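Notes follow the structure.
From a predicted model like this one, the values you see are computed outputs, not experimental measurements. Chain A is the first sequence line, chain B the second, and so forth, proteins listed ahead of strands; every chain is numbered from 1.
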4 protein chains.
Amino acid sequence: MKPKNTDSEKYQLHRREAVRAAATVFSANGFHGASTSDIAEQLGIKQGSLYYYFASKEEALEEVCLYGLETYTKNMDVIAHDTGQPFEARLFAVVTNHLTSYRDKSEALKVHNNERLYLPEARRVRLKAMGSKYRRQLESVIEHGIEEGAVSATLDAHFAAQSVIGICNSLGEHIVRETDVDVFDLVRKCTGLLLHGMSSEQGSGRPNTS
Amino acid sequence: MKPKNTDSEKYQLHRREAVRAAATVFSANGFHGASTSDIAEQLGIKQGSLYYYFASKEEALEEVCLYGLETYTKNMDVIAHDTGQPFEARLFAVVTNHLTSYRDKSEALKVHNNERLYLPEARRVRLKAMGSKYRRQLESVIEHGIEEGAVSATLDAHFAAQSVIGICNSLGEHIVRETDVDVFDLVRKCTGLLLHGMSSEQGSGRPNTS
Amino acid sequence: MKPKNTDSEKYQLHRREAVRAAATVFSANGFHGASTSDIAEQLGIKQGSLYYYFASKEEALEEVCLYGLETYTKNMDVIAHDTGQPFEARLFAVVTNHLTSYRDKSEALKVHNNERLYLPEARRVRLKAMGSKYRRQLESVIEHGIEEGAVSATLDAHFAAQSVIGICNSLGEHIVRETDVDVFDLVRKCTGLLLHGMSSEQGSGRPNTS
Amino acid sequence: MKPKNTDSEKYQLHRREAVRAAATVFSANGFHGASTSDIAEQLGIKQGSLYYYFASKEEALEEVCLYGLETYTKNMDVIAHDTGQPFEARLFAVVTNHLTSYRDKSEALKVHNNERLYLPEARRVRLKAMGSKYRRQLESVIEHGIEEGAVSATLDAHFAAQSVIGICNSLGEHIVRETDVDVFDLVRKCTGLLLHGMSSEQGSGRPNTS
DNA sequence: AATGAATGAGAGTTCATTCAT
DNA sequence: TATGAATGAACTCTCATTCAT
């Protein structure tokens, strides 16, 4: 209603900061547990002034979620199109992307994972689209791995993709909580586990190894 | 304030139902997003009457979390002490326990995972104790697996335990959302992935296989 | 959502008082100019408690308007069906009803006249129905007067009805403001003016008298 | 605070437009229901810029009311002094003035009628003076009609004046709402009703006609 | 002559909690 | 054992107003 100079560079910059502030407090207290006062305080302005940047608390949540997925999905685009790489390298890239995104935008990603369901259907369409695309791309990476023989043919790609996302997110939560985590160590361990499992076996006992 | 017959069997029965009702609405809307009205409605009583069963909303949340962990951790106790079984069988048991708990008490477990952090420190001691114990027991299962040679010696048990929990929880969320999931199929796939990874390799390329 | 004992006699009684309190402050300050605090204060309860009786400020406005029209339209029903009376008597009854309603429920009627347009379309259907019915009934009284020869045949009944309502409402505002008005004197004067006009003429110059 | 060139012709022109914009939105939403944003938008400027033309929202309301009464009362001045005309002609002129004012400045007049009471006493002195003067002038026209024998001697001039104003305002509201009203038809009907009433009688039954 | 940005007060509404009955 | 009624604090959101630029 009130036409703001929504295109001015300065406005966009300040709004970014507002999104980050919102990410911080949503991440700490959850959407319902965080008040607009908290966000404003985190940003160093008064509560009412927040509405210069967001039309509603819900809009703030949506922006935080989008912000969280931004680079994360963009990077997946690159990985998905880079079909020349061997499967191991691509999986490594996937995990690296996921976990480093957590390091850089941990709060926003956590908010996306835990709070996005509180958005009304209408506000979730873009998020849903991005999330589905991500999962489909990950699945295609896995399927490609099956085709080239690097991945066990009996693997359910859909299930595997979900598991990869699940592990990464649970490690991500860890990264959010503890500040001094060696992310690259985590990436290595995680990729190793996903590729070879915990077993010390030489392939025996695997249905597809005969 | 008034002395309640908290020991009477009937009271305990009704309270159980109250806990389940709370689990349902906390699981659907989150702790902050759910109102005591919602819980009362779910239970078929009037709002004020809830306080006959809970001293506060927070107490309700604590009860739900404890309820969620109950059998889940009890079962882990059994698994942990059953050192005679081979590693594969024990891991299978762990995953089965985790995922079937989700099927039976899905809501309470989900609430524990997502909302327990809104409890004040004081109320979380028991939960923390149970959670830590669970993780330590899982770690000991894994370490035992290493000792008996079934698990790769290079594996970081702490990390692995966390990953197992992470995958199971992410699959659990899935079970909560969709009603007709074949849980045992999930268990099989999950254990397989955790044991052998995605790779089709015969153990080559694994640092510890030489 | 919260099922209240909306049928209990006591509740209904208290709610009536709440409606009257709302009528008082809406009448004094207008819908937008009056706060729910004002209403609560007028009623002798705390602001938040008002919501035990109304789901929203808008609902309160709707109730006030309905309350204002209640007896007023009920009486018109009686007048409209009493076709045996001569026109003069029926017009007298109409004006009496309108102005005494103002004396008894002045505030609610004033609110209906001045504030009902701030209700969203959906909330106005019943009011509209009642208002239209009232006007139609008044028109039929006038048309009946034309048929029996008491009213000038050239008169536009729709226009006349509107004028009657207009005069009565403007006099009503007067009744609201000043406490010691002789309503029956007003009724007499008003009916006289409406019947015979201001002119001292003997009917000459009237288009239909030739 | 900053010295404005309030006397410059351009400023006065722009201010007029601001007053008209305010009239439009006050008329549509009421004083309390309309925001300074709405006015600014209607005027095509930004919200803060409004304060270049009005020191406060209240001042804007006052200006709108004065603007609405302007020509309306000026015309009444002319009618009141034109004592040479017969009563019927003067009444006709009064009604014409009232209703055409509504056609031309409908919004401002409506605002005056419905919202002026929200002005603090101090801001209403001029309006009150103008309104009282108008009513007194109308009364004197009626009294003059009585003296010259055109108006029934039993008529209460004060009451009659109020009724004239009441009818005209209620018709005015009608003009505001519906765009295509034949105002002159309304004027004719209205004057007719006021002069001769609804009755078809030839003077019989009138106390003063004997 | 007009705007972007902020403010602070207050609005309507929700809700956990209390307590007499 | 449960309820009706009320409370007060917190919350989201709106808005008139200010002022440096």
Side-chain angles (χ1 to χ4, degrees), chain A residues 1-6 8 10-11 14 32-40 44-58 60, chain B residues 1-2 4-5 8 10-11 14 32-40 43-60, chain C residues 1-6 8 10-11 14 32-40 44-58 60, chain D residues 1-2 4-5 8 10-11 14 32-40 43-60:
Chain A
M1 299 303 155
K2 293 169 214 159
K4 272 169 279 190
N5 218 8
T6 197
S8 101
K10 218 166 158 194
Y11 180 84
H14 281 215
H32 286 115
S35 74
T36 53
S37 269
D38 297 337
I39 304 176
I45 62 176
K46 293 294 152 60
Q47 190 251 6
S49 312
L50 206 64
Y51 286 76
Y52 191 67
Y53 297 106
F54 300 119
S56 69
K57 196 187 173 190
E58 259 179 13
Chain B
M1 298 307 153
K2 278 179 206 160
K4 301 173 225 179
N5 212 6
S8 96
K10 213 164 150 202
Y11 179 84
H14 281 214
H32 287 112
S35 73
T36 54
S37 259
D38 297 336
I39 303 176
L43 195 53
I45 62 175
K46 294 290 153 56
Q47 191 204 14
S49 315
L50 252 196
Y51 286 76
Y52 190 70
Y53 297 108
F54 301 119
S56 71
K57 199 185 169 191
E58 258 178 14
E59 184 181 303
Chain C
M1 300 300 155
K2 296 166 214 159
K4 273 170 280 190
N5 217 6
T6 197
S8 101
K10 217 167 160 195
Y11 180 84
H14 281 213
H32 286 114
S35 74
T36 53
S37 270
D38 297 337
I39 304 176
I45 61 175
K46 293 293 152 61
Q47 190 248 10
S49 312
L50 207 63
Y51 286 75
Y52 190 67
Y53 296 106
F54 301 118
S56 69
K57 197 187 173 190
E58 257 179 14
Chain D
M1 302 306 151
K2 280 180 204 160
K4 301 173 225 179
N5 212 5
S8 97
K10 214 164 150 200
Y11 179 85
H14 280 214
H32 287 113
S35 73
T36 53
S37 260
D38 296 336
I39 304 176
L43 195 53
I45 62 175
K46 295 290 154 57
Q47 190 203 17
S49 315
L50 251 195
Y51 286 75
Y52 190 69
Y53 297 109
F54 301 119
S56 71
K57 200 186 170 189
E58 259 179 13
E59 184 181 302

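A donor-acceptor pair under 3.5 Å is formed between the side chain of K57(C) and the backbone N or O of A34(C).
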**Prompt:** Dot-bracket for DNA chain F: what is it, with Watson-Crick or G-U pairs under 3.5 Å, [ ] where a pair crosses earlier ones, and | for a pair to another strand?
**Reply:** .||||||||||||||||||||
Pull out every protein N or O sitting under 3.5 Å from an N or O of nucleotides 6-9 of chain F, one pair per line with the distance.
from: dA6(F); atom 1: OP2; to: Y53(C); atom 2: OH; distance (Å): 2.6
from: dT7(F); atom 1: OP2; to: K46(C); atom 2: N; distance (Å): 3.0
from: dT7(F); atom 1: OP2; to: S49(C); atom 2: OG; distance (Å): 2.7
from: dG8(F); atom 1: OP2; to: K46(C); atom 2: NZ; distance (Å): 3.2

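Closest approach of H32(C) and G33(D) over heavy atoms only: ND1-CA, 3.5 Å. Considering every non-hydrogen atom in both Y11(D) and Y52(D), the closest pair reads OH-O, 3.0 Å.
DNA chain F is contacted by both S56(D) and H32(A); H32(A) maps to the nucleotide lying nearer its 5′ end (nearest heavy atom per residue).
Classification of the H14(D)-Y53(D) ring pair by plane angle, with boundaries at 30° and 60°, yields tilted.
Rounded to whole Å, atom P of dT1(F) lies 6 Å from atom NZ of K10(B). When rounded to the nearest whole Å, the span between CZ of F54(C) and P of dT14(E) equals 15 Å. dC13(F) atom C1' lies 14 Å from atom NZ of K57(C), rounded to whole Å.
Shown here are the side-chain hydrogen bond (donor to acceptor under 3.5 Å, both in side chains) partners of S35(C), two or more places apart in sequence or in another chain: D38(C).
A34(A) comes within 4.0 angstrom of sugar-phosphate atoms only, judged by non-hydrogen atoms across all strands, and of no base.
Closest to the side chain of Y51(C), out of dT13(E), dT17(E), dC15(E), is dT13(E).
The distance from the CD1 atom of I39(D) to the OG atom of S49(D) is 13.0 Å, given to the nearest 0.5 Å. The CG atom of L50(B) sits 4.5 Å away from atom CD1 of I45(B), with the distance rounded to the nearest 0.5 Å.
Dashed line: the shortest gap from a side-chain N or O of T36(D) to OP1 or OP2 of dC15(F) is not under 4.0 Å.
Proximity of T36(D) to Y51(D): side-chain heavy atoms (C-beta onward) are separated by under 4.5 Å at one or more points.
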